[in-house]
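Everything on this sheet refers to the single structure shown next.
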There are 2 protein chains.
Amino acid sequence: MINFTYYNPARIIFGKGTEDQVGSEMKKLGSRVLFVYGGGSIKRIGLYDKVVKALNDAGIYFTELSGVKPNPRLGLVNEGIRLCKEQKLDSVLVVGGGSSIDTGKAVAAGALYNGDVWDFFEGKADVQQALPVGVVLTIPAAGSESSDGSVITKEDGLLKRSFGSEHVIPKFAIMNPEFTYSLPDYQTACGASDILAHLMERYFTKVDHVDFTDRLIEATMKTIINNTPLVLANPTDYHARAEVMWAGTVAHNNLLNTGRIGDWASHHIEHELSAIYDIAHGAGLAIVFPAWQKYVCHEDMDRFVQFAVRVFDVDFAFGEKELIVAEGIRRLERWYKEIGMPTRLSDVSIDDKNLRIMAEKCCANGPDGNFKKLTADDVYEIYKLAL
Amino acid sequence: MINFTYYNPARIIFGKGTEDQVGSEMKKLGSRVLFVYGGGSIKRIGLYDKVVKALNDAGIYFTELSGVKPNPRLGLVNEGIRLCKEQKLDSVLVVGGGSSIDTGKAVAAGALYNGDVWDFFEGKADVQQALPVGVVLTIPAAGSESSDGSVITKEDGLLKRSFGSEHVIPKFAIMNPEFTYSLPDYQTACGASDILAHLMERYFTKVDHVDFTDRLIEATMKTIINNTPLVLANPTDYHARAEVMWAGTVAHNNLLNTGRIGDWASHHIEHELSAIYDIAHGAGLAIVFPAWQKYVCHEDMDRFVQFAVRVFDVDFAFGEKELIVAEGIRRLERWYKEIGMPTRLSDVSIDDKNLRIMAEKCCANGPDGNFKKLTADDVYEIYKLAL
């Protein structure tokens, strides 16, 4: 176990009817709010009206920034920053999923910065302060509701990049599983895939003596693996929805990588995919992860055996390490298929045309990953394994 | 899963050498510090000198409140409050374990309260504000370094009572496992027993659909069960010490009871024991818990089967539910014995003289517990089972 600092002050307000607290919670953060959301889904489920009424009842002035799309773009972030500066807004409320929250976080940091907000994403500047952010979560997936990160795509060059700062950890996250009932199956499955990926990125570490966090991650993986099919079988199963939603937050709030170093190459390999092809992040991860596992498992077979045995219940009697590991990966793929995810690039009609370009972009700043340092050639091989 | 709010803003600073940060962290909290600790142990391990130097280097004025004993007393809390008020101290630094931290928290709340601090423990008043508290942890056990609770014993009547408030959650907790190397085996084992008890109190719930937190608790229990014998076999095993220390914090920071209702009767049954007999809290818990389990298991045999199977690896082939549950409890007792804990009152020379008095005191405010509501008669039976 390596030294670590863990700090997560997000107040989680979880359960039925908790959206009623959005007015009182926002009032603690400010009186002039940028209200960020995506499109019509929060209107269809009645949440938009509830939030507007709550803000009005609390006497809070607000301006809307809507139209956030999946793989959110820098242009809308800059629009939000302009609104905050011009209208002297003092806080940000996001209602939606990871794309809206990441947009809101970037706006919150950029609104109190005199330079170009993209500086944070390129590592040219650190966030020193940010407007306080509050969240009402409607899509369990990204974990952004209590994480310190934001992922944004710059239109020019389709560069998908991230930054992290404790200043943008949301002050509160209101989470009512009922607001996830109407998510389409495919989006539910993509969210589950994203959550599982956040866990696997943390799990595959070269740091040894990480017994406690290994077990916590395994517990969270099993929760997602078991409850996602329940949700897909019955989209209004409150309890299964609740398990997935809360596990999705804990998966990414940094508790589970205390004392260890995660990998994150798979996320970056996927980012290049979804930046160019605009496929769902979760679907891209289901394609990338098995290929990544097959390519890197020889770096530490024992860890992959542990994954197979503890997470996918592969019996030691299955045979040699190689066989146990292969069976673990096979069961991961089987689970992806069971929940309706693609597991090959061909499943989403992507051919080999851009593989080399994506591999080069992924490693533009040098080799990527920690479990195994991957060069552009390595990443290219992983893309080929995923064809 | 039931609705919940989860909020834990304690900054955990974990690992070797982290005590070097105590000056800079305290400086964020104040400039006039009450420095709370127990006895000579922090001097023997050189930590006292390091902390004094760090405070001096940071230009922080401090006054000492030392002499905290296990099962900490109200008298010393009132002494600390007097010092804070008279010397206009603005923050509290605790170096030690649960007893010192609980003392520091009570002082922090009482210093900004005009009434009697015992009001908080009797539920006559809620904490509205408190001096900020910082911690350097030396004994993994109570979890007080990031919890919202404090347990204090009033000398008059030997009343052991607690209060909880997010205002007393420490702002930071510095945790270097090396400072636990010199703990005597018995104290190490008592700490592990206390941690396991915090987990079992949360685990045995009547709330259903708690899959995620069940799995997290099981993961944490297995961490304690596996690493404690390693620590006892080799007290300077950094990694095993680190696993126990970090698991002990997470066990009690409220994450693991999100969406569920714990029991806590066993803690209260033990509090009556250690209030009268002044035995170590962890030793008392090792005596009380098996008896409590035998007495209440029929409230929900399936939960006890899950405990036996998942935590103590009892095979389903073991037989009927009754047999599986009994074997789980037997393995818990075996683990207590393995780490040197007593499992019967007779092991610590306590006879049946005060059982009725303790049972009545335990339930003075009505039946206790949630998994099964226990009357004084029930508690009496549990004490008898523990003889």
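Order of the sequence lines sets the chain letters (A, B, ...), proteins ahead of strands, with each chain counted from 1. Values below: all heavy atoms of this structure, side chains included; hydrogens, waters and symmetry mates excluded.
In this structure the side chain of B:Phe307 never reaches within 4.5 angstrom of the side chain of B:Ile217, judged on heavy atoms. With a 4.5 Å cut-off on side-chain heavy atoms, A:Leu196 and A:Leu332 count as touching.
Here B:Leu199 contributes atom CG and B:Ile224 contributes atom CD1; the two are 7.0 Å apart, rounded to the nearest 0.5 Å.
Heavy-atom distances place the backbone of A:Ala10, and not its side chain, under 4.5 Å from chain B. Contact annotation for A:Val244: neither backbone nor side-chain heavy atoms come within less than 4.5 Å of a heavy atom of chain B.
Between chain B and the options A:Ala173, A:Pro177, A:Ala242, A:Ala240, heavy-atom pairs under 4.5 Å are most frequent for A:Ala242.
Applying the side-chain contact (heavy atoms from CB on, under 4.5 Å) criterion to B:Val305, with sequence neighbours excluded, gives B:Val309, B:Phe316, B:Lys321, B:Ile324, B:Val325. Applying the ring pair (Phe, Tyr, Trp, His ring centres under 6.0 Å) criterion to A:Phe163, with sequence neighbours excluded, gives A:Phe120, A:Phe121. Every residue meeting the side-chain contact (heavy atoms from CB on, under 4.5 Å) condition with A:Ile139, not counting sequence neighbours, appears here in chain and number order: A:Ala141, A:Leu183, A:Gln187.
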Just by distance, which donor-acceptor pairs between chain B and chain A come in under 3.5 Å?
{"residue": "B:Met1", "atom": "N", "partner": "A:His239", "partner atom": "ND1", "Å": "3.0"}
{"residue": "B:Asn3", "atom": "OD1", "partner": "A:Lys16", "partner atom": "N", "Å": "2.9"}
{"residue": "B:Asn3", "atom": "ND2", "partner": "A:Lys16", "partner atom": "O", "Å": "2.9"}
{"residue": "B:Phe4", "atom": "N", "partner": "A:Phe14", "partner atom": "O", "Å": "3.0"}
{"residue": "B:Phe4", "atom": "O", "partner": "A:Phe14", "partner atom": "N", "Å": "2.8"}
{"residue": "B:Tyr6", "atom": "N", "partner": "A:Ile12", "partner atom": "O", "Å": "2.8"}
{"residue": "B:Tyr6", "atom": "O", "partner": "A:Ile12", "partner atom": "N", "Å": "2.8"}
{"residue": "B:Arg11", "atom": "NH1", "partner": "A:Glu166", "partner atom": "OE1", "Å": "3.2"}
{"residue": "B:Arg11", "atom": "NH2", "partner": "A:Glu166", "partner atom": "OE2", "Å": "2.9"}
{"residue": "B:Ile12", "atom": "N", "partner": "A:Tyr6", "partner atom": "O", "Å": "2.8"}
{"residue": "B:Ile12", "atom": "O", "partner": "A:Tyr6", "partner atom": "N", "Å": "2.8"}
{"residue": "B:Phe14", "atom": "N", "partner": "A:Phe4", "partner atom": "O", "Å": "2.8"}
{"residue": "B:Phe14", "atom": "O", "partner": "A:Phe4", "partner atom": "N", "Å": "3.0"}
{"residue": "B:Lys16", "atom": "N", "partner": "A:Asn3", "partner atom": "OD1", "Å": "2.9"}
{"residue": "B:Lys16", "atom": "O", "partner": "A:Asn3", "partner atom": "ND2", "Å": "2.9"}
{"residue": "B:Glu166", "atom": "OE1", "partner": "A:Arg11", "partner atom": "NH1", "Å": "3.2"}
{"residue": "B:Glu166", "atom": "OE2", "partner": "A:Arg11", "partner atom": "NH2", "Å": "2.9"}
{"residue": "B:Asp211", "atom": "N", "partner": "A:Glu243", "partner atom": "OE2", "Å": "2.8"}
{"residue": "B:Asp211", "atom": "OD2", "partner": "A:Asn227", "partner atom": "ND2", "Å": "2.8"}
{"residue": "B:Phe212", "atom": "N", "partner": "A:Glu243", "partner atom": "OE1", "Å": "2.8"}
{"residue": "B:Asn227", "atom": "ND2", "partner": "A:Asp211", "partner atom": "OD2", "Å": "2.8"}
{"residue": "B:His239", "atom": "ND1", "partner": "A:Met1", "partner atom": "N", "Å": "3.0"}
{"residue": "B:Glu243", "atom": "OE1", "partner": "A:Phe212", "partner atom": "N", "Å": "2.8"}
{"residue": "B:Glu243", "atom": "OE2", "partner": "A:Asp211", "partner atom": "N", "Å": "2.8"}
{"residue": "B:Trp246", "atom": "NE1", "partner": "A:Thr258", "partner atom": "OG1", "Å": "2.8"}
{"residue": "B:Thr258", "atom": "OG1", "partner": "A:Trp246", "partner atom": "NE1", "Å": "2.8"}

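Relative ring orientation between B:Phe4 and A:Phe14 is described as parallel, the plane-to-plane angle staying below 30° on a 0-90° scale split at 30° and 60°.
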